[in-house]
There are 2 protein chains.
Amino acid sequence: MISFDHSLPMILHRALDKVLPDYRELFAHFDLTEQQWRVLRVLWSEKKVTSAQLAERTLLPSPSLVGIIDRLERRDLVTRLRSLEDRRVVYVIATAKGRDLEAEVVPRVAEIDANVRAAVTAQEWKALETTLDKIAKHISEPKLDEASDG
Amino acid sequence: MISFDHSLPMILHRALDKVLPDYRELFAHFDLTEQQWRVLRVLWSEKKVTSAQLAERTLLPSPSLVGIIDRLERRDLVTRLRSLEDRRVVYVIATAKGRDLEAEVVPRVAEIDANVRAAVTAQEWKALETTLDKIAKHISEPKLDEASDG
DNA sequence: TATTATTTGTTTACATGTTAATTAATATAG
DNA sequence: CTATATTAATTAACATGTAAACAAATAATA
């Protein structure tokens, strides 16, 4: 039996708890939360994105996104634009002020990313991603090896 | 430069998002949140734990723990007990009702854990834990290789 | 011993996560 | 064309996360 402390959720949480403070400390200099950073990060590379696409790219749940975008919009960092073809759709776009942040934030985040990755070899890093992908794909598939246990 | 989608926070979040629903679906049968489960899981094996110890073992921030324990206490699943030696300390203990849940929940969680782990080989799993530990230890250590760049 | 510092748990204020329901717009079936 | 289903975003209700401040108790120091 797998011990509680070594279950996948716990080891992932533990790693996140260690890593996130470094990022948060940086984001705080710009009055950004980690989630707000994620939204901006996507808008810097994609220009015009629907709420649904933003949820997928940022891994943020859409109900959370509403408030996050509200607060970014209030600070004039992003804008909402209702689609003309399909009026259910809302596009989110970085403003000039929002775009200006990219040059300031991205290089410093890259430093943190690099420091994190420097902890392990390239092979270990690749294996990490592969293993996590493998687990993700395995989940929510039928458990064939237990099929007879119905 | 490391792409946004392949940064450590994102790949960990992505894996968690895939895995947690399976656990949550189970916990919902017992009207438990994932966090409440974590607290109970610790109390089942440790009997008498202070709030601080509980925060460390569950990876839950202590301000969150206050509410989580409140709600468990309201349902008579746990009890708070003020220490007599040091009256700042609060012990948290599972009630009989709380202890009864163990036999029902733990085996079914073990099944999910096993299914997750079955996604990869034993070596891959070990490498996963090792790599994450390595990263965790590397973080918040002085970055020696950049020392001259001040 | 009176003062100051530290520790433990809690509170506060605000941001986000989770689930279900809702609204407005569009698509589809009859 | 009309009733119905579906979709995109939002709202609602509640639980949790984050950072800072706080009260009470204990420890450390002058």
Side-chain angles (χ1 to χ4, degrees), chain A residues 9 13-14 16-40 48-56 58-75 77-92, chain B residues 9 13-14 16-17 19-40 49-56 58-75 77-92:
Chain A
H13 272 301
R14 199 151 24 236
L16 273 172
D17 286 355
K18 269 291 184 181
V19 168
L20 286 183
D22 278 14
Y23 291 94
R24 289 211 190 94
E25 185 190 340
L26 167 59
F27 299 147
H29 293 324
F30 302 94
D31 267 300
L32 292 176
T33 64
E34 194 229 339
Q35 290 84 349
Q36 291 169 351
W37 139 261
R38 286 197 234 166
V39 168
L40 288 174
K48 190 179 161 194
V49 184
T50 72
S51 265
Q53 295 170 327
L54 208 44
E56 196 186 336
T58 60
L59 306 181
L60 295 170
S62 40
S64 301
L65 260 182
V66 174
I68 293 167
I69 295 172
D70 282 349
R71 284 177 282 275
L72 288 173
E73 201 170 24
R74 222 173 283 145
R75 290 169 57 191
L77 296 174
V78 310
T79 305
R80 268 185 253 242
L81 187 63
R82 177 88 37 192
S83 164
L84 296 179
E85 307 91 48
D86 184 340
R87 293 179 44 190
R88 290 169 300 187
V89 172
V90 169
Y91 290 109
V92 184
Chain B
H13 272 302
R14 201 154 19 236
L16 273 173
D17 286 355
V19 169
L20 286 183
D22 278 14
Y23 291 93
R24 290 211 188 96
E25 186 191 339
L26 167 58
F27 299 146
H29 293 324
F30 302 94
D31 266 300
L32 292 175
T33 64
E34 194 228 339
Q35 289 84 347
Q36 292 170 349
W37 138 262
R38 287 197 234 167
V39 167
L40 289 173
V49 184
T50 70
S51 264
Q53 295 170 326
L54 207 45
E56 197 188 337
T58 59
L59 306 180
L60 294 170
S62 41
S64 301
L65 261 181
V66 175
I68 294 167
I69 295 173
D70 282 349
R71 283 176 284 274
L72 288 173
E73 201 171 26
R74 222 172 284 145
R75 290 169 57 189
L77 295 174
V78 310
T79 306
R80 268 185 253 243
L81 187 64
R82 176 82 46 186
S83 164
L84 296 178
E85 309 91 47
D86 185 340
R87 292 177 47 192
R88 290 169 300 186
V89 171
V90 169
Y91 291 109
V92 184

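Order of the sequence lines fixes the chain letters, A, B, ..., with proteins taken first and strands second; residue numbering starts at 1 for each chain.
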> Do the side-chain N or O atoms of A:S51 get closer than 4.0 angstrom to the phosphate oxygens (OP1, OP2) of D:dT10?
Replying inline: yes
>> Looking at A:E34, I want to see if its CD is surrounded by more than 12 non-hydrogen atoms of other residues, nucleotides or ligands under 6.0 Å.
In response: yes
> Would one find a side-chain N or O of A:T33 under 4.0 angstrom from OP1 or OP2 of C:dT16?
Replying inline: yes
> Is the distance from OP1 or OP2 of C:dA25 to the nearest side-chain N or O of A:R82 less than 4.0 Å?
Replying inline: no
>> Students often get this wrong, so: under 4.0 angstrom with heavy atoms, is B:E85 touching a base, only sugar-phosphate, or nothing?
In response: sugar-phosphate
>> Any base atoms under 4.0 Å from A:L60, or only sugar-phosphate, or nothing? Heavy atoms, all strands.
In response: sugar-phosphate
> Would you say the side-chain atoms of B:Q36 pair up with the backbone N or O of B:L72, donor to acceptor, closer than 3.5 Å?
Replying inline: no
>> Do A:Q53 and A:V89 have side chains that approach each other closer than 4.5 Å (heavy atoms only, starting at C-beta)?
In response: no
> Between A:L54 (CG) and D:dA9 (P), how many Å, whole number?
Replying inline: 10 Å
>> Of the options D:dG17, C:dT16, D:dA8, whose atoms approach the side-chain atoms of A:Q35 most closely?
In response: C:dT16
>> Heavy-atom nearest nucleotide on DNA chain C for B:E25 versus A:I68: which residue maps closer to 5'?
In response: A:I68
> When all nucleic acid strands are considered with a 4.0 Å heavy-atom cut-off, which category describes A:V89: base, sugar-phosphate, or nothing?
Replying inline: sugar-phosphate
> A:E56 has an atom CD; how far is it from atom C1' of D:dT7, in whole Å?
Replying inline: 15 Å
> Is it true that atom CZ of A:R75 has more than 12 heavy atoms of other residues, nucleotides or ligands lying nearer than 6.0 Å?
Replying inline: yes
>> Below the 4.0 Å mark, does D:dA25 have OP1 or OP2 next to a side-chain nitrogen or oxygen of B:R87?
In response: yes
